[in-house]
Structure formats: C-alpha cells, structure tokens
Amino acid sequence: MSTDTLILKDQFPGLAGGWHYLDTAATAQKPQAVIDATTAALGRDYATVHRGVYARSAEMTLAFEAARRKVAGFLGGAEDEIVFTRGATEAINLVAQTWGVTNLRRGDRVLLSTLEHHSNIVPWQLLRDRIGIEIDVCPLTADGRIDLDAAAAMLTEAHKLVALAHVSNVLGSVLDVRRAADLAHGVGALLLVDGCQAAPRLALDMAALQCDFYVFSAHKLYGPTAIGALWARKAILDAMPPWHGGGSMIDRVTFAKTTYAPAPQRFEAGTPAIVEAIALGAAIDWLQDIGLARAEAHERDLATVLRAELRARNDVTVFGPDDALGIVSFALDGVHPHDLGTILDEEGVAIRAGHHCAQPLMDHLGVPATARASFGLYSDESDIAALLKGIERTRRIFG
C-alpha cells in the first residue's frame, strides 16, 4: 500500500475498520471534505436560494451558483450550459422529453450501443413508443468496445441522435468520444454521452470532445446522491422547451399565459437540491486537488493487476478490454455472482453482483450476471488481495 493511498483512505469514514470496498462504479464513498461541506450547508449555513432578501439566503444563493460554476469548469463548459438534475438518469430523460419530443419525428433514428446502461436505453424506448422513432444498436468489438467502424457503416441521414457511454459501467471500455462526435455530425446527428463512469476518472473538456450533450451523477464522483448535471450546447439548450413546471423556472405567470426563464433555470423547477449542489462542488474541489490524471492512472493500474491475477486462474472468465478503466467484470465457473458476492461480504469485501442495469450486454456476453470489482482513489493492492482470498474461499466451498 502506498503512503499516498493510505492518506486518501483515511479521508473516508465509510472505509473505517478495514472494509474492502470494490463497488465504486455503483457509488463512491465520500471523503470527509464532502461530508463537512454537507453538514455546514445543511446546518450552520442553511437557507433557501434565489428568493430570500435576507443575507443568509443571498449567501446560500452565491454558494449554490458557485457550485454550478465549478461543474462548468470541471467539464470545460460555460456556466449557463449546466442544468442541475437528480442524476444522469433524469438528465437523459430531460433530453429525451424536451429536445427529443421537439426535434424527432416518426421514422427518425437513434443509435445506441450494446453496452449501454438501462438509463440510456429506456428513455429512448419510451420516446419510440410515444412518437414512433426507430432505435438501432451498434455492436461491440471482440474485446468489448463500442465498434465505431460499425457505427460509421450504420449511420445515415435518418439518424438524428447518437447516445453512447463514455466508459462502460460493466466492461470499463473507453469510447473515443471525438470520433463518435465526428461520425454523428457527419450525418447531421447530435451526440449524447453518458459520462457517469468517466467523470470520476478522466479529465473532461467539452470543446475537445465535441459532443452535444454530456451527463453525469454526483454520487459516483465522491459527491452526494440525488444530484447530477446535464451539459448541453447553449444554442441547443436555449431551443429546448421546459419539462417540469413550477416555481423558479418562470418569468411571468398569469392564468392566460406563462413565460419562462432562460436556460438553465428553465429546467430547474421548484426548490433545488441546494445542499447537494454545494456538496457536489466540494467533491469537485477535492477531486481536482488530487488530479484526474492521477485518478485515471491509479485505477487503470489496479484494474490491470486484477485482470492479470484473475486470468492466471483457469476457472475465471474476465470480460472487457485489457486497458479497462477502473472496472473489472468476471465470472467464476460454477458459481453464481450472487453467491460469490455473499461469501465475499463475509470476508469484508464488497463487490457488485448482477446485471448492472445492462441486461442487453449480459445477453451479448451469454451470462445472466457478472461479478464486478470497481476501484476508486481509495483502493489499493490490499483490496485486490482480499478479493482473491475470498475467491479462493468460495472455490473451496463450492468444491
């Protein structure tokens, strides 16, 4: 265990007692800095935002909008391109039910991929059922990447949107977003990127990536649950109609007619997740102080070590590419992932076992579920050793 990793691990109260947490792809543990920011915002500093004329409300409003600026800087976007949502799932649904309903017509096509999370499949199916769009599915390469050569052959001018994961939550494979953007734009389509697994691990720059929508969830980024963000190009956001109606998203309300606030406020009806936004800002500060390059290298190295250890066994199948980023999915012959997960829990090791909200990918892999170990900045070699020890015990139990 490196000194750096030990210092980081000590910043996470949720890891006290030597718990080996290997489920960061589902949700990250929270550093003390984020917990402290949450406590202060919920207690000493708490007030509503945008409406109060008293000093604390004004101060809370400044803190809330400062969090939006931090998200914008983190993504390399502009402040007025950031919409706070309940998470990536709501952000994708927002795009589907505003931009999609406004711009897509019966017969228009949307391109997804085999490895997408359900949150980047179901919203488009709901839209298909509502207005009659068509959904195409890009296959994967043999090692589990989205096959952009196949996408290039599939795309036509009937495609209006391409929606793909930046990093697979099952395989850890990384999308060449810039190439995907060029392919989409080449036929006049827009590109939406699910950045849930990329945001905690990769430095992001919307200008370099050239996508049109980017979404992520805070809780995978060492931040709180129930908040995330949608980034979209300003011109696209300005043309999107409101989704939810209520307070804060209006300009003027009469019973005859209502006019709406400009983006992004137009999409943030009601009292926002004030405390959560401030805590998200604290998580971004914490992660940027450590450095995204360090996060990427650390988690990629751990995934490489674990893949090599698992492949050395003749009773384990490892899925995904060799350069998987922080995520390793595998199957132990003759043992259901749920049984493995239960035994590992007895050993103080937490993994995810199941279909990972990616059932079409499980069908493609020919398995009902996989075991998944996923790393964070607090992970180290001791977590891998504990996992391997638990696998050995599982094998002995199952004979």
Side-chain angles (χ1 to χ4, degrees), residues 81-140 146 150-151 154-166 168-169 175 177 180-181 183-196 211-217 228-246 249 260 263-264 266-269 355-364:
E81 295 174 327
I82 302 299
V83 180
F84 283 129
T85 64
R86 288 189 298 119
T89 298
E90 184 174 86
I92 295 172
N93 278 275
L94 190 160
V95 174
Q97 297 302 320
T98 57
W99 178 88
V101 168
T102 303
N103 291 278
L104 299 180
R105 299 291 180 267
R106 180 175 297 276
D108 287 343
R109 310 189 79 86
V110 171
L111 181 68
L112 309 177
S113 84
T114 301
L115 59 67
E116 299 307 313
H117 190 281
H118 294 166
S119 61
N120 198 28
I121 299 174
V122 179
W124 308 112
Q125 292 177 327
L126 292 173
L127 201 59
R128 178 188 62 192
D129 297 342
R130 178 176 175 183
I131 65 176
I133 64 170
E134 302 291 337
I135 296 174
D136 296 311
V137 182
C138 181
L140 307 181
I146 297 173
M154 295 173 70
L155 284 167
T156 69
E157 292 185 358
H159 287 92
K160 305 303 179 188
L161 182 75
V162 177
L164 303 172
H166 195 165
S168 167
N169 73 306
L175 174 71
V177 175
L183 292 174
H185 297 160
V187 297
L190 301 187
L191 175 66
L192 180 148
V193 179
D194 171 2
C196 279
C211 55
D212 302 287
F213 304 99
Y214 199 93
V215 307
F216 74 90
S217 293
L230 163 69
W231 171 87
R233 295 184 184 281
K234 185 64 166 63
I236 297 172
L237 255 154
D238 286 343
M240 288 163 51
W243 183 27
H244 294 154
M249 49 77 69
Y260 303 107
R266 180 189 308 150
F267 306 105
E268 296 179 2
H355 55 65
H356 316 297
C357 294
Q359 288 177 309
L361 177 55
M362 297 298 110
D363 293 341
H364 169 78

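Counting from 1, the numbers follow the sequence of the chain as shown. On a predicted model such as this, the values are computed, not experimentally measured, just so you know.
- V137 and S113 get closest at one heavy-atom pair: CG1-C, 3.7 Å.
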Check your understanding: Hey, mind stepping through W99 and L161 against side chain to side chain contact (heavy atoms under 4.5 Å, CB included) and telling me if it holds?
Key -> CA-CA 10 Å; W99 178 88; L161 182 75; 4.1 Å; yes
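- Contact between I133 and R105 at its shortest, heavy atoms only, is CG2-O, 3.8 Å.
- Of the N and O atoms on the side chains of H117 and D194, not one donor lies less than 3.5 Å from an acceptor on the other residue.
- With hydrogens and angles ignored, the 3.5 Å screen pairs a side-chain donor or acceptor of R266 with a backbone N or O of M240.
- Side-chain atoms of R233 come within 3.5 Å of backbone atoms of C211 as a donor-acceptor pair (strictly under, hydrogens ignored).
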Point to revise | Derivation and outcome, side chain to side chain contact (heavy atoms under 4.5 Å, CB included), residues V101 and I131 | key: CA-CA 8 Å; V101 168; I131 65 176; 5.5 Å; no
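- Note that the CZ atom of R130 and the CG atom of L104 stand 11.0 Å from one another [nearest 0.5 Å].
- Side-chain atoms of T114 come within 3.5 Å of backbone N or O of C138 as a donor-acceptor pair.
- Side-chain contact check for I121 versus P360: some heavy-atom pair is nearer than 4.5 Å.
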Practice item. Verify side chain to side chain contact (heavy atoms under 4.5 Å, CB included) between I92 and W124, making sure each step is shown before the conclusion. Key: CA-CA 9 Å; I92 295 172; W124 308 112; 4.0 Å; yes
Practice item. Show your reasoning for whether side chain to side chain contact (heavy atoms under 4.5 Å, CB included) applies to V215 and T85. Key: CA-CA 9 Å; V215 307; T85 64; over 6 Å; no
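- Taking 4.5 Å as the limit, some side-chain heavy atom of Q97 sits within range of a side-chain heavy atom of L127.
- Not a single donor-acceptor pair under 3.5 Å links the side chain of S217 to the backbone N or O of G228.
- Within the 4.5 Å cutoff, no side-chain heavy atoms of V193 are placed close to those of W231.
- Distance alone, capped at 3.5 Å, is enough to place a donor-acceptor pair between the D212 side chain and the L191 backbone.
- Separating the NZ atom in K234 from the CD1 atom in I82 is a distance of 12.0 Å, to the nearest 0.5 Å.
- Put simply, the side chain of L140 reaches to within 4.5 Å of the side chain of L361, judged on heavy atoms.
- The aromatic rings of H166 and Y214 sit perpendicular to each other, their planes meeting at more than 60°, with 30° as the lower class boundary.
- Across all their heavy atoms, N120 and L164 have their closest contact at ND2-N, 3.6 Å.
- Note that CG of N169 and SG of C357 are 7.5 Å apart. Values are rounded to the nearest 0.5 Å.
- Using a 4.5 Å heavy-atom cutoff, the side chains of N103 and L190 are not in contact.
- Shown here for A88 and C196, the closest heavy-atom pair between the two residues is CB-SG, 3.2 Å.
- The CG atom of D136 sits 4.0 Å away from the CZ atom of R109 when rounded to the nearest 0.5 Å.
- Here CG of L94 is found 5.0 Å from CH2 of W243. Values are rounded to the nearest 0.5 Å.
- Looking only at side-chain heavy atoms (C-beta outward), P123 and N93 come within less than 4.5 Å of each other.
- Not one N or O on the side chain of H159 forms a donor-acceptor pair closer than 3.5 Å with the backbone of A184.
- Here the side chains of M154 and P139 are in contact, with some heavy-atom distance below 4.5 Å.
- Heavy-atom minimum distance, A165 versus I146: O-CD1, 4.0 Å.
- Within a 6.0 Å radius of CZ in R86, no more than 12 heavy atoms belonging to other residues, nucleotides or ligands are found.
- Distance CZ/F267 to CG/L230: 8.0 Å, rounded to 0.5 Å.
- Remark: the backbone N or O of M249 is not paired with any side-chain donor or acceptor of E268 at under 3.5 angstrom.
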